[in-house]
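Accompanying notes for the structure given below.
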Amino acid sequence: MTTIAADAVELAEIDIIDVKWFEDGTPHELFARMRAEAPVRWNPLPDGTGCWSVTRHADISAISRDTETFSSYNGGIFLHPDQVLPLDLARNLLLYMDPPQHTKYRLILQKAFTPHTVSQLEDTIRARVTKTLDAVIEQGTCDFAHDIAVPIPLGMITQLMGVPEVDVAQFYEWTEKIEAAQRAPEPNAASDVFVQMAGYIHAQIERQIAEGGTDSLVMKLREAEVDGEGLSDPEILVFFGLLAFAGNDTTRNTLANGMHALLQHPDQLQALVDDPSLIPNAVEEILRYTSVVRWFNRTATRDTELGGQKIAEGDRVIMWYASASFDEEVVEDPTRFDIRRPKPDHKAFGGGGRHFCLGAGLARAELRIALEEITRRMPDLQQAGDVERLQSSWANGLVKLPISFTPGPRS
Ligand code: HEM
């Protein structure tokens, strides 16, 4: 546990990316001080270099919208350019592209995530949630993180991709490895997984073609074109990898942390049980309050100025979404969890620029439907043990959340 009080910290000296500040969750007091005293501050790193750490909502919006000055492509979205994957390979992922390349590829994927497509998935999501709750409902206890928050988004993303149910466990293992690669001390830690996934996706494409094609995402990507040319199998693979990475842990961590927040505020959980019409707004507050993707990096393409600081070409700039979602300038009394907060303004889905989360609609639907079914079928849900947090400064994850409830019938 971090015992150093936020007001005793010398802001100029600390490396806020160090996991030690996140052992008990996002260090909001420290971020509040940074927003007030040093909203754009030079953050020293252990290797003797440094990066800019940006904590205010308005500055993060400005960086996200200015892709010419702040590139995702040049240095990648993590601190080490080759974190997770070698930069050359990762640059095939939408998250690592700059316009105009980004615009072309985003259009392709966007078609799979229109509001209409998401609304058509309502029944599929509810069936997935029902199946997940059926597996634990008779027990009266379970680990919410592992037994409920993991299978819902994992099941949805694999189903959308046409991954057969028997392969979901394998797929889960891969996504866990990709996630761990983000925290790994050495770069390129997910390269092997991508090679394995490459073999798998290749076989999937063959199988789905042999079976006469399906309307899975894999097949949609196969039919898609950029500048009149189809995507190559390696390009499809990286999209596949991106969705595995972007659409899975994020939703899982939001659901698990969101439920934890509700369990810590039992009156608000009860309010959702009594009046499910509060759930859509509760989802927005949960997104804000949990902001599970805490930061992404950009690299300055030229000398520029931000918040009175001179940023040099090539400097890395960390945008703390988890701080922006708690910025007093846009959210009143930000550390208060309040499911009735009118339209909570947050940066959980990114800074609002071109990279704004493509799966936001799907994630919102998954979270809403999960909460609708959980509060309906487990109305007396309680926390039954201590939580275990993912040790990461980047992802706000819960790996364990024991709960108990009155057992009920399977559907
Ligand atoms: C609560 C769940 C989720 C959270 C908190 C989340 C968060 C984010 C964030 C912070 C970004 C970066 C935005 C930026 O840099 O401005 C992002 C991008 C993205 N997300 Fe999500 N995400 C979630 C769910 C999903 C789902 C379910 C999918 C798809 C199935 C998805 C697909 C993507 C993709 C493809 C991008 C890249 C967009 C681009 O670069 O243009 N996300 N997400």
Side-chain angles (χ1 to χ4, degrees), residues 25-26 28 57 115 118-130 132-133 136-137 142 144-145 147-149 151-153 156 250-293 321-322 324-328 330-349 357 359-384 387 396 398 401 403-406 408 411:
T26 306
H28 289 300
H57 191 280
V118 173
S119 71
Q120 284 185 320
L121 288 172
E122 177 96 10
D123 291 347
T124 314
I125 300 172
R126 202 171 295 278
R128 179 63 58 178
V129 173
T130 300
T132 304
L133 297 186
V136 294
I137 195 79
C142 73
F144 187 92
D147 301 330
I148 297 179
I152 294 171
M156 276 312 298
T250 47
T251 316
R252 170 219 298 195
N253 289 339
T254 308
L255 184 55
N257 273 305
M259 184 46 74
H260 186 223
L262 287 168
L263 289 165
Q264 288 183 318
H265 299 84
D267 53 323
Q268 300 197 44
L269 179 55
Q270 189 59 45
L272 297 186
V273 172
D274 295 340
D275 180 3
S277 73
L278 294 172
I279 290 176
N281 204 69
V283 165
E284 289 314 304
E285 175 67 349
I286 285 171
L287 283 160
R288 181 192 77 81
Y289 194 75
T290 61
S291 283
V292 299
V293 176
Y321 303 133
S325 292
F326 282 70
D327 189 337
E328 302 72 5
V330 291
V331 188
E332 204 190 310
D333 192 6
T335 51
R336 193 184 79 237
F337 177 69
D338 181 1
I339 55 162
R340 295 187 177 82
R341 191 185 286 282
K343 289 196 182 9
D345 194 354
H346 62 75
K347 294 280 189 215
F349 289 129
C357 176
L362 176 61
R364 285 184 166 120
E366 286 183 35
L367 294 166
R368 171 178 58 78
I369 295 169
L371 287 181
E372 283 169 3
E373 293 300 319
I374 293 162
T375 50
R376 186 174 70 78
R377 295 182 67 190
M378 300 173 164
D380 61 354
L381 185 77
Q382 285 187 1
Q383 193 169 332
V387 296
N396 181 14
L398 274 193
L401 171 57
I403 56 159
S404 62
F405 48 88
T406 301
S411 295

Salt bridge (charged side-chain N to carboxylate O under 4.0 Å, His left out) involving Asp267 - partner list, sequence neighbours excluded: none
Which donor-acceptor pairs under 3.5 Å do the side chains of residues 257-266 make with protein atoms, sequence neighbours left out?
from, atom 1, to, atom 2, distance (Å)
Asn257, ND2, Asn253, O, 3.1
Asn257, ND2, Asn396, O, 2.8
His265, ND1, Ala261, O, 2.7

Exceeds 12 heavy-atom contacts within 6.0 angstrom, atom CZ of Arg340: no
Pairing residues for Ala127 by the side chain to side chain contact (heavy atoms under 4.5 Å, CB included) criterion, not counting sequence neighbours: none
Nearest atoms (heavy-atom pairs only) where Ala348 meets Leu287: CB-O, 3.3 Å
Residue list, side chain to side chain contact (heavy atoms under 4.5 Å, CB included) with Glu328, at least two apart or on another chain: Ala32, Arg35, Pro334
Contacts of type salt bridge (charged side-chain N to carboxylate O under 4.0 Å, His left out), residue Glu373, not counting sequence neighbours: Arg126, Arg376
Cys357: partners by side chain to side chain contact (heavy atoms under 4.5 Å, CB included), with sequence neighbours left out: Phe349, Ala360
Contacts of Arg288 that satisfy salt bridge (charged side-chain N to carboxylate O under 4.0 Å, His left out) - sequence neighbours left out: Glu285
Non-neighbouring partners of Val293 that pass side chain to side chain contact (heavy atoms under 4.5 Å, CB included), sequence neighbours left out: Thr250, Phe296, Tyr321, Trp394
Side-chain donor-acceptor pairs under 3.5 Å in residues 274-283, sequence neighbours left out?
from, atom 1, to, atom 2, distance (Å)
Asp274, OD1, Gln270, NE2, 3.0
Asp275, OD1, Ser277, N, 3.1
Asp275, OD1, Ser277, OG, 2.6
Asp275, OD2, Ser277, OG, 3.4
Asn281, ND2, Ile339, O, 2.8
Asn281, ND2, Arg341, O, 2.8

Residues forming a side chain to side chain donor-acceptor pair (under 3.5 Å) with Thr130, sequence neighbours excluded: none
From CE (Met156) to OG1 (Thr124), nearest 0.5 Å: 5.5 Å
Glu332: side chain to side chain donor-acceptor pair (under 3.5 Å) partners, not counting sequence neighbours: none
Partner residues of Arg377 under the salt bridge (charged side-chain N to carboxylate O under 4.0 Å, His left out) criterion, sequence neighbours left out: Asp134
